[in-house]
Amino acid sequence: MLNINELTALCNKLGCKIIPECSLSEYTTFRFGGPCRALIKVNSAQSAAELLRYVNENSVKYGILGRGSNVLAADEGFDGVILLFGGDFANIEVNGNRLRCEAGALLSYACARAQQMGLSGMENLFGIPGTVGGALFMNAGAYGSEMKDVAVSAEYIDENYEIKTISGDALDLSYRHSFFSDKNYIITSVTVELHEGDPDAIKQAMNECMAKRTSKQPLDYPSAGSTFKRPEGDYASRLIDVCGLKGLTCGGAMVSEKHSGFVINKGFATCADVLELCEKIKDIVKEKTGFELELEPVILK
């Protein structure tokens, strides 16, 4: 049971900011969602471990958020505590050709830091909305590159609230999957290994990558990025396109006319609108092509 005064005292002790009855619409890229009981801005791996111990020992429902870029927050809100891995937990350390990134560091910022240090390997990841921790969790990727190509180790909190390290093949990275996908562990840092390159050439490659995104993706509208996982043997966007679903709407949610792989918020969408639209898309694609689409974002409810 949540005792907000007790939790606030713990946050004060740990130096973490707590925001009671916080609207999740402010912390997700889709820009909708009801309130959570409290949102806590985590500031270290040790603080995260202590907070996890508290919520579990007191049977308090909790969720983890980074940038909120792969999340659908329910309209009715979240009856529990959200641990936010963001700007208060975003330090990046450079050691030779390796970057150790705290889980709340933005992936784009890590890419920019690598460029400043003349380290190549993350150019195609530039512009992916999300934190480094979230990117590893789902093995984020774009334009032929993915976290699998650069991640060499990660620190995480296990079921005993101890901070452990995992590295190499044990990360089990594959398409939208990692060692963490089906476990209740919390990533606290990620180390990537890069190689030396020319800073100007790296910057040019990042700019070209961002230009591709801007030209092909509806970045001027709130969304959760790619709405469906890539089905084996085809692409969700192509299937949605050939079914003539660009522009299909439900309330304030719409299949982007710029990129059919994106469901966007036209400005007044609810989570219910998006979920209803996604069900329609899945039904039509299944009926017309035989492919079954799977939602990529996580539903926070």
Return each pair, listed once, that meets ring-ring contact (aromatic ring centres under 6.0 Å, His included) where at least one residue sits in [range]; pairs must be two or more places apart or across chains.
range	result
residues 31-64	Phe30-Phe32
residues 66-110	Phe85-Phe89
residues 244-287	His259-Phe262

**Request:** Begin with the C-alpha distance, continue with both residues' side-chain angles, and end with the deciding distance and a verdict on salt bridge (Lys or Arg N to Asp or Glu O under 4.0 Å) for Glu155 and Arg100.
**Result:** CA-CA 10 Å; Glu155 293 178 355; Arg100 180 185 176 276; 2.9 Å; yes

**Asked** Mind checking what makes salt bridge (Lys or Arg N to Asp or Glu O under 4.0 Å) contact with Glu159, not counting sequence neighbours?
**Response**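 Glu159: no salt bridge (Lys or Arg N to Asp or Glu O under 4.0 Å) contacts found.
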
**Request:** Rounded to the nearest 0.5 Å, what's the gap from CD1 on Ile92 to CE on Met117? Could you check?
**Result:**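 Reported value, rounded in 0.5 Å steps: 11.5 Å.
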
**Request:** Show your reasoning for whether salt bridge (Lys or Arg N to Asp or Glu O under 4.0 Å) applies to Asp79 and Arg37.
**Result:** CA-CA 6 Å; Asp79 188 24; Arg37 296 287 303 282; 3.5 Å; yes

Do the side chains of [X] and [Y] get close enough for a salt bridge, i.e. N-O under 4.0 angstrom?
X	Y	answer
Arg176	Glu296	yes
Asp88	Lys41	no
Glu257	Lys246	no
Lys13	Glu50	no

**Message:** Going by side-chain contact (heavy atoms from CB on, under 4.5 Å), name the residues that satisfy it together with Arg31, two or more places apart in sequence or in a different chain.
**Reply:**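 Counting only residues at least two positions away or on another chain, Arg31 forms a side-chain contact (heavy atoms from CB on, under 4.5 Å) with Arg67, Pro222, Asn265.
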
**Message:** Pairing donors with acceptors under 3.5 angstrom, does anything connect the side chains of Thr270 and Asp273?
**Reply:**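 Present: a donor and an acceptor within the cut-off.
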
Enumerate donor-acceptor pairs with a distance under 3.5 Å from any side-chain N or O in residues 134-141 to protein atoms, sequence neighbours excluded.
| residue | atom | partner | partner atom | Å |
| --- | --- | --- | --- | --- |
| Asn139 | OD1 | Met147 | N | 3.3 |
| Asn139 | OD1 | Lys148 | N | 2.9 |
| Asn139 | ND2 | Glu146 | OE1 | 3.2 |
| Asn139 | ND2 | Ser174 | O | 2.7 |

**Request:** Please say whether the positively charged group of Lys212, taken as NZ for Lys or CZ for Arg, lies over the ring of Tyr143, i.e. under 6.0 angstrom from the six-membered ring centre and within 45 degrees of the axis.
**Result:**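 Yes.
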
